[in-house]
Q: 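Here's a structure for you.
Given the structure is predicted, the values throughout are model-derived calculations rather than measurements.
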Amino acid sequence: MIRSALDGLYLLAGYLAGFFLLVIFMLMMALSLGREFGLNIPAGDDFAAWSMAAMAFLGLAHTFKSGDLIRVGLVLERWSAGMRRIVEIVCLLIGTAVIGFFAWHAVFMTYDSWRFNDISQGVVAVPLWFPQLGYSVGLVILAIAFLDELIHVLTGHTPRYEKPPAATPEEIVERAAESGI
């Protein structure tokens, strides 16, 4: 039950990142087309920037759990299974600590913005805690994903984000095409 809830959380974060990508697209198109017709979206560039931050941070956990974050696989593949496991655990410990640190401070920054009623200084006055939620929530979900993976690896399992090596040349080409190389 917890596994399906966590996987659902990571998938939801990925969908939210996709939603913000669509928001950026619509805002940019509206701003571009609006110039031709003399229409202006007040603070459209601010909303696009906030959406970009939300998209980037909300997409991190889903990207991490699906094995699409950049890793140094060429180095890990050269080591024995025991050494690779130790390095994976050390990397997950460091990653969990660093992401946890950033998530902690992001949440408190968002809380302070809400507490002090910080308002954006753009054309449209927006409480800053609102666009900061995407940043904070994305980092908290990423911290949960790192902790989830750390516990999984510490209990003797292989990392879920690790994809098996490609078996055929066609699979190598397909993975390269998927990753945008």
Q: Treat each ILVMFWY residue as a node, draw an edge where side-chain heavy atoms are under 4.5 Å apart, and state whether Ile2 and Ile151 are in one component.
A: no
Q: Whether the Glu88 and Tyr161 side chains hold a donor-acceptor pair (N or O, under 3.5 Å, no angle test) is what I'd like checked.
A: yes
Q: Hey, mind stepping through Tyr15 and His62 against side-chain contact (heavy atoms from CB on, under 4.5 Å) and telling me if it holds?
A: CA-CA 9 Å; Tyr15 279 130; His62 183 265; over 6 Å; no
Q: Mind listing the closest non-hydrogen atom pair of Ser66 and Thr63 along with its distance?
A: OG-O, 3.2 Å
Q: In Å and rounded to the nearest 0.5 Å, what is the CZ to CH2 distance from Arg115 to Trp129?
A: 15.5 Å
Q: Do the side chains of Val137 and Leu6 join up, straight or via other hydrophobic residues, at under 4.5 Å, putting them in one cluster?
A: yes
Q: Sub-3.5 Å donor-acceptor pair from the side chain of Thr110 to the main-chain atoms of Trp114, do we have one?
A: no
Q: Between His152 (side chain only) and Thr158 (backbone N and O only), is there a donor and an acceptor less than 3.5 Å apart?
A: yes
Q: Are Leu9 and Leu133 connected, step by step, through hydrophobic side chains (Ile, Leu, Val, Met, Phe, Trp, Tyr) whose heavy atoms are closer than 4.5 Å?
A: no
Q: Looking at Asp148 and Arg160, is any side-chain nitrogen of the basic one under 4.0 Å from a carboxylate oxygen of the acidic one?
A: yes
Q: Please round to the nearest 0.5 Å and tell me the distance separating atom CE of Met26 and atom CD1 of Ile41.
A: 10.5 Å
Q: Can you name the nearest heavy-atom pair linking Ala106 to Ser136, along with the distance?
A: O-OG, 3.0 Å
Q: When hydrophobic residues are tied together by side-chain contacts of less than 4.5 Å, even through go-betweens, does Val107 share a cluster with Leu58?
A: yes
Q: Are any of the side-chain heavy atoms of Asp118 and Pro127 separated by less than 4.5 Å?
A: no
Q: Less than 6.0 angstrom separating the ring centers of Phe47 and Trp50, yes or no?
A: yes
Q: For Phe20 and Met55, which heavy atoms make the closest approach, and how far apart are they?
A: CB-CB, 3.8 Å
Q: Give me the atom names and distance for the closest heavy-atom approach of Ala61 to Tyr10.
A: CB-CD2, 4.2 Å
Q: Once you round to the nearest 0.5 Å, how far does CG of Leu12 lie from CG of Asp7?
A: 12.5 Å
Q: Kindly give the heavy-atom pair with the smallest separation between Ile119 and Ala125, and that separation in Å.
A: CG2-CB, 3.5 Å
Q: Measure the CD-CG distance between Gln121 and Leu128 for me, rounded to the nearest 0.5 Å.
A: 8.0 Å
Q: So how far is it from Leu142 CG to Thr96 OG1, rounded to the nearest 0.5 Å?
A: 9.0 Å
Q: Which pair of non-hydrogen atoms, one from Leu31 and one from Gly44, has the smallest distance, and what is that distance?
A: CD1-C, 3.9 Å
Q: Quick one: pull up CG in Leu147 and CG in Leu92 and give me the separation to the nearest 0.5 Å.
A: 10.0 Å
Q: Is it the case that one hydrophobic cluster holds both Leu33 and Met28, taking links as side-chain heavy atoms less than 4.5 Å apart, direct or via other members?
A: no
